[in-house]
Amino acid sequence: SAMLAGCRRALPAALGRALRVRAAGPGRRAVSTSWCPVGAAFDAKQQQQQQPPRGSAAGRETGLFGVPELSCPEGFQEAQDKALQQSEQLVQKACSTPPGPETVMIFDQLSDALCRVADLADFVKIAHPDFAFREAAEEACRNIGTVVEKLNTDVELCQSLRRLLADEVVMSSLDPETRRVAELFMFDFEISGIHLDEEKRKKAVNLNVRILDLCNEFLTGAHLPNKIDKNVLPEHIRYNFTAEGNYLQVAGLHADCPDDLVREAAYKIFLYPNAEQLSRLEELLASRNSLAQLVGYDTFAHRALQGTMAKTPETVTQFLEKLSDQLSKRARKDFEMMTKMKMKLNPQNSKLMPWDHPYYSGVLRAERYNIDPGLYCPFFSLGACMEGLNSLFSQLLGISLYAEQTQRGEVWSEDVRKLAVVHETEGLLGYIYCDFFQRPDKPHQDCHFTVRGGRLRENGEYQLPVVVLMLSLPHSTRGAPTLLSPGMMENLFHEMGHAMHSMLGRTRYQHVTGTRCPTDFAEVPSILMEYFANDYRVVNQFARHYKTGQ
């Protein structure tokens with residue numbers, strides 16, 4: 001959503017769209033005495049976090065993420081009203097301010113006021129275990145999203161920015177970061193249809209709002225399990241699925257199950273065509289196409305790729321075709337190997353089917369390279385992996401992670417951990433909330449959410465970034481801490497790459513802070529972290545057997 005610049009983008013992360021402000025704001029932030037080592041916070045004994053006593057500083061009541069209003073679902077209305085009131089004042093201020101650096105600062109304050117509520121609500125609406133909180137957050141998201149789309153087509157607001165961009169003397173006096181942010185705000189207006197007549201601008205707003213709704217509905221629908229009458233499935237495989245009365249719930253593909261029939265059943269039931277989902281998808285694609293053509297693009301792809309590294313759909317197609325050509329021989333060879341393996345293990349039914357690839361590729365890796373994930377998990381306890389990340393960041397970046405005690409009401413689930421990110425000379429850089437464990441109704445997706453972007457405030461202090469990392473790891477058991485497979489460990493490193501990008505992408509303006517950069521570039525730091533996760537020299541520093549220390 002243009003004005004929000006990547007606001008509500010629960011994705012990527014990268015090294016930032018603009019020049020860095022290395023030590024924006026005051027000097028070193030004080031070190032807290034309530035911090036403890038990161039590994040200990042994730043080990044089995046501390047899984048159920050002790051609530052602080054009521055009288056203590058940490059025992060004081062607060063709301064989600066320390067926002068006082070959000071101690072109850074109704075608080076979202078209050079937070080939203082405050083943000084909208086503030087944004088009205090800032091719009092008036094922007095329209096009456098003479099062209100200069102202050103114009104850009106006001107636009108950024110406007111973006112920040114809306115993002116701080118929209119981003120937080122965007123996370124809460126999918127992750128909070130309480131339906132009332134999720135519903136209130138979704139309503140706030142929708143309301144702020146609608147206001148944003150209207151601001152993106154507000155002619156008077158756009159004129160105040162145009163006056164600045166047209167004034168060559170003032171523009172040449174601006175530093176490169178301020179100039180770039182001014183251009184990006186104008187780009188946001190342009191892709192939203194600011195150049196259209198009033199009737200078409202209204203149509204663009206309505207299409208944008210409808211697209212947001214359809215995206216939410218489609219994504220929610222994509223995670224829902226499918227039900228089937230239990231009598232349809234052979235009795236000996238029913239135990240693989242969750243029973244609900246006379247029905248069985250199929251909530252995923254069971255791709256790693258050694259039983260071919262279980263994988264086939266899961267594949268066919270979970271992915272069974274859903275008329276409602278198909279209808280939503282068709283309307284979403286049609287709406288995106290209408291919006292793109294209304295604002296002057298050939299297709300939605302042309303509009304979406306503006307401002308990215310790839311730039312055009314043609315570049316993307318060329319890249320994908322080149323990649324396919326390079327990989328086709330390898331892929332054919334892999335398929336031949338999987339077919340032989342299936343013939344060996346299941347000679348009666350040896351044709352390779354779509355539900356077979358993940359399982360048989362795993363079997364081949366285990367046989368050929370002795371990579372049975374089960375052998376490696378005991379070396380990757382979550383605490384050991386977090387200490388590994390801590391050590392890596394300390395060596396590469398001079399950064400340490402510390403677990404910090406949360407206040408009552410600050411987190412949405414008792415197993416969420418809060419990490420302070422501390423630089424050796426610049427002090428506290430920001431906070432990462434780690435929502436790592438499975439729970440009912442929690443989406444099975446690994447992702448990074450910006451909750452608050454960093455920026456240089458008007459009083460000279462730096463607004464610290466706040467992010468959430470969401471994973472779906474198993475809980476610890478009585479006998480063992482949470483153990484990660486190599487794949488889970490790689491995902492943890494990937495998501496932590498996004499989080500570090502959010503902490504280190506310290507810009508003056510929140511519009512371009514951290515992961516608010518071209519979406520394709522946003523994956524660079526996180527994929528770089530995967531290389532570290534797969535390097536023996538790194539893994540050897542932290543992978544220790546949780547029982548023996550080997």
Polar contact flag, side-chain donor to acceptor under 3.5 angstrom, Ser526-Glu523:
yes

Donor-acceptor pairs under 3.5 angstrom involving side-chain atoms of residues 380-389: please list them, not counting sequence neighbours.
| from | atom 1 | to | atom 2 | distance (Å) |
| --- | --- | --- | --- | --- |
| Ser381 | OG | Ala384 | N | 3.2 |
| Glu387 | OE2 | Gly39 | N | 2.9 |

Is the ring centre of Phe270 less than 6.0 Å from the ring centre of His254?
no

Phe65 ring center near Trp412 ring center (under 6.0 Å):
yes

Report the residues that fulfil ring pair (Phe, Tyr, Trp, His ring centres under 6.0 Å) with Tyr247, sequence neighbours left out, ordered by chain and then residue number.
none

I'd like to check the ring pair (Phe, Tyr, Trp, His ring centres under 6.0 Å) partners of His545; sequence neighbours left out, ordered by chain and number.
Phe379

Spell out, as yes or no, whether a donor-acceptor pair under 3.5 Å connects the side chain of [X] to the backbone of [Y].
X      : Y      : result
Asn540 : Tyr536 : no
Thr482 : Ser476 : yes
Asp520 : Met309 : yes
Ser394 : Asn390 : no
Arg455 : Gln463 : no
Gln541 : Ser391 : no
Gln438 : His475 : no
Lys442 : Leu471 : yes

Under 4.5 Å between any side-chain heavy atoms of [X] and [Y], yes or no?
X      : Y      : answer
Tyr272 : Val250 : no
Thr513 : Thr450 : no
Arg516 : Thr507 : no
Pro258 : Tyr359 : yes
Glu495 : Cys434 : no
Trp355 : Leu253 : no
Leu429 : Tyr462 : no
Leu401 : Met496 : yes

Applying salt bridge (charged side-chain N to carboxylate O under 4.0 Å, His left out) as the test, list every pair that has at least one member in residues 479-494; sequence neighbours left out.
none

Who pairs with [X] by side chain to side chain contact (heavy atoms under 4.5 Å, CB included), at least two apart in sequence or on another chain?
X      : result
Ala79  : Leu70, Val117
Ala132 : Pro73, Asp130
Glu217 : Arg210, Asp213, Leu214, Arg280

Considering residues, nucleotides and ligands other than Asn274, do more than 12 of their heavy atoms fall under 6.0 Å from its CG?
yes

Within a radius of less than 6.0 Å around CG of Asp441, do more than 12 heavy atoms belonging to other residues, nucleotides or ligands occur?
no

For [X], which residues count as a salt bridge (Lys or Arg N to Asp or Glu O under 4.0 Å) partner, sequence neighbours excluded?
X      : result
Lys268 : Glu264
Arg439 : Asp435
Glu138 : none
Asp108 : none

Using a strict cut-off of less than 4.0 Å between a Lys/Arg side-chain nitrogen and an Asp/Glu carboxylate oxygen, indicate whether Lys322 and Asp325 qualify as a salt bridge.
no

Quick one: side chain to side chain donor-acceptor pair (under 3.5 Å) pairs with a partner in residues 327-344, sequence neighbours left out?
Lys342-Asp356, Lys344-Glu367

